[in-house]
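Notes follow the structure.
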Number of protein chains: 2
Amino acid sequence: MDSKIVGLRSKLEIYKAGSGGGNIADCPVRDVIQGISNKWSSLLMMALAEKPYRFGELRRLVPDISQRMLTQTLHDLQRDGYVHREVFPTKPPSVEYSLTDLGRSMFGPLHQLLQWAELNHGAVRDARNAFDATES
Amino acid sequence: MDSKIVGLRSKLEIYKAGSGGGNIADCPVRDVIQGISNKWSSLLMMALAEKPYRFGELRRLVPDISQRMLTQTLHDLQRDGYVHREVFPTKPPSVEYSLTDLGRSMFGPLHQLLQWAELNHGAVRDARNAFDATES
DNA sequence: TAGTGCTGGTCTCTTTTTGAGACTCATATA
DNA sequence: TATATGAGTCTCAAAAAGAGACCAGCACTA
């Protein structure tokens, strides 16, 4: 590993880190990122960072997610260790989803990104409008 | 961890911010996040954060992206104002992609998330293994 | 007692998105 | 003449996502 001065170190090495031969295609960091870089993950993480929610509550909170994708995204987040799923023996049984410690840990940096988006969505919208105006 | 001061305010409000009636479905923050929460955006942002690259260089750098998705993702990143595209009149003409100021600004928080992934991919892998062991 | 609603899903079908790979075009080199 | 190059586009197949019906068990209502 040609790790030089930290600041000059290729940022791509983060993606390559641990992948032995340096093949960027099968890299653990990329694997982790792709688990949370999909349409619904960050939205559900944000909801659950506020407080635990039940399945139906999440569905009402995010009206445009399909039941199928809600099930699947929660399942994936649970599998990656970000979300805890607990069944309560009510009638009918209810299921509560909450963040794990790992999930809260990951939400830290994710939250920074969300705040950036909150501060800069105007700039992004302007860039889109400018781009769309010149391309046509 | 991410609690006290900011935590009293509903984190969901970031997603709702600016959407008037509070409908989470058409929210500018969500719109921005979904522009960068896809399979290839963060990977290309990371590459371009290192230095500008040409189209073919990016393709070789990320061997498992299709030419079609590379074109499209770069186009989307350019439209959102993160990436600058410059054509040089060589023969055949070459095209260089680089981050804009907005892109570099966004890469700050994104980089934090990537570093989290670098530090914690072991924990995520362990969680996956544990989950896969118990579900079967 | 039959009907209705609640829960958290699954199943199937259709539409959208992505991937694989051939093709373009003008030039340069073998 | 044949082939390579750079930056894409085009077409077709495969995968993923969306829409919406359906399921089970129990409680409440008519």
Side-chain angles (χ1 to χ4, degrees), chain A residues 23-26 30-31 33-44 47-48 51-80 83-98 131 134-136, chain B residues 23-26 30-31 33-44 47-48 51-80 83-98 131 134-136:
Chain A
N23 181 13
I24 211 172
D26 39 71
R30 195 172 140 183
D31 195 36
I33 290 296
Q34 294 200 346
I36 56 183
S37 289
N38 59 59
K39 187 167 179 182
W40 303 111
S41 293
S42 64
L43 187 48
L44 294 179
L48 295 175
K51 70 185 184 71
Y53 278 103
R54 299 223 319 269
F55 186 88
E57 291 177 317
L58 287 171
R59 203 159 80 82
R60 285 186 288 275
L61 203 58
V62 186
D64 59 341
I65 193 174
S66 68
Q67 222 161 328
R68 192 179 152 286
M69 286 315 293
L70 180 55
T71 303
Q72 186 178 309
T73 306
L74 287 170
H75 179 273
D76 293 349
L77 290 174
Q78 187 194 356
R79 189 172 101 100
D80 283 5
V83 160
H84 172 70
R85 177 181 185 271
E86 187 160 7
V87 182
F88 292 98
T90 57
K91 297 163 209 157
S94 56
V95 179
E96 188 181 87
Y97 292 91
S98 56
F131 184 87
T134 55
E135 68 157 3
S136 62
Chain B
N23 181 14
I24 212 172
D26 39 70
R30 196 173 140 182
D31 195 37
I33 290 296
Q34 293 199 347
I36 56 182
S37 288
N38 60 58
K39 188 167 179 181
W40 302 111
S41 293
S42 64
L43 187 48
L44 294 179
L48 295 175
K51 69 185 184 69
Y53 278 104
R54 299 223 320 268
F55 186 87
E57 291 177 316
L58 287 170
R59 203 159 78 83
R60 284 186 287 275
L61 204 59
V62 186
D64 58 339
I65 193 173
S66 66
Q67 224 161 325
R68 195 179 149 287
M69 286 313 294
L70 180 55
T71 303
Q72 186 177 308
T73 306
L74 287 170
H75 179 272
D76 293 349
L77 290 174
Q78 187 194 356
R79 190 173 99 100
D80 283 5
V83 161
H84 172 70
R85 176 179 184 273
E86 187 160 9
V87 182
F88 292 97
T90 56
K91 291 165 196 150
S94 56
V95 179
E96 187 181 87
Y97 292 91
S98 55
F131 185 86
T134 57
E135 69 156 3
S136 60

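Residue numbering restarts at 1 for every chain, and letters A, B, ... go by the order of the sequence lines. Note that the structure is predicted; figures quoted are calculated from it, not measured.
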Fill in the blank from the handout: Separation between CE (B:Met69) and CG (B:Leu74), nearest 0.5 Å, reads 10.5 Å
Practice task
Would you tell me if any nitrogen or oxygen in the side chain of A:Arg54 comes within less than 4.0 Å of OP1 or OP2 on C:dG8?
Solution key: yes
Practice task
Could you pick out which residue, A:Val95 or A:Arg68, lies toward the 5' side of DNA chain C when each is mapped onto its nearest nucleotide?
Solution key: A:Val95
Exercise for the section: Would you classify B:Tyr97 as touching base, sugar-phosphate or nothing, given that sugar-phosphate means primed atoms plus P, OP1 and OP2, and contacts are heavy atoms under 4.0 Å? Expected result: sugar-phosphate
Exercise for the section: Rounded to the nearest angstrom, tell me the gap between atom CD in B:Gln67 and atom C1' in C:dT18. Expected result: 15 Å
Completion exercise
Between CZ of A:Arg59 and P of C:dC6 the distance, given in whole Å, is 11 Å
Practice task
Verify side chain to side chain contact (heavy atoms under 4.5 Å, CB included) between B:Arg60 and B:Tyr53, making sure each step is shown before the conclusion.
Solution key: CA-CA 11 Å; B:Arg60 284 186 287 275; B:Tyr53 278 104; over 6 Å; no
Handout entry: Sub-4.5 Å side-chain heavy-atom contact between A:Leu43 and B:Arg30
Key = yes
Problem - Nearest-nucleotide 5' precedence on DNA chain D, A:Pro93 against A:Asn38 - result: A:Asn38
Handout entry: Side-chain N,O (B:Gln72) to OP1/OP2 (C:dT18) below 4.0 Å
Key = yes
Exercise for the section: Assign B:Ser94 to base, sugar-phosphate, or nothing according to its heavy-atom contacts below 4.0 angstrom with the strands shown. Expected result: sugar-phosphate
Problem - Leading and trailing nucleotides of DNA chain D with any atom under 4.0 Å from heavy atoms of chain B - result: D:dT5 to D:dT11
Practice task
Figure out the CG/P separation between A:Leu58 and C:dT7, and round it to whole Å.
Solution key: 13 Å
Practice task
Indicate whether OP1 or OP2 belonging to C:dT17 is found under 4.0 Å from a side-chain N or O atom of B:Trp40.
Solution key: no
Completion exercise
Shortest non-hydrogen pair, A:Val95 vs A:Val87, comes out as CG2-CG2, 4.1 Å
Exercise for the section: State, with a plain yes or no, whether a side-chain heavy atom of B:Val62 is found less than 4.5 Å away from one of B:Leu70. Expected result: no
Problem - Considering all heavy atoms, the nearest A:Gln34-B:Lys39 contact - result: NE2-O, 3.2 Å
Handout entry: Atom pair distance, as rounded to whole Å: CD1 in A:Ile65 and P in C:dG9
Key = 13 Å
Handout entry: Candidate nucleotides C:dA28, C:dT7, C:dG19, ranked by approach to the side chain of B:Lys91 - the nearest
Key = C:dA28
Exercise for the section: Measure from NE2 on A:His75 to P on C:dT10 and round the result to the nearest Å. Expected result: 8 Å
Completion exercise
Minimal heavy-atom distance between A:Ala47 and A:Leu61, with the atoms involved, is CB-CD2, 3.9 Å
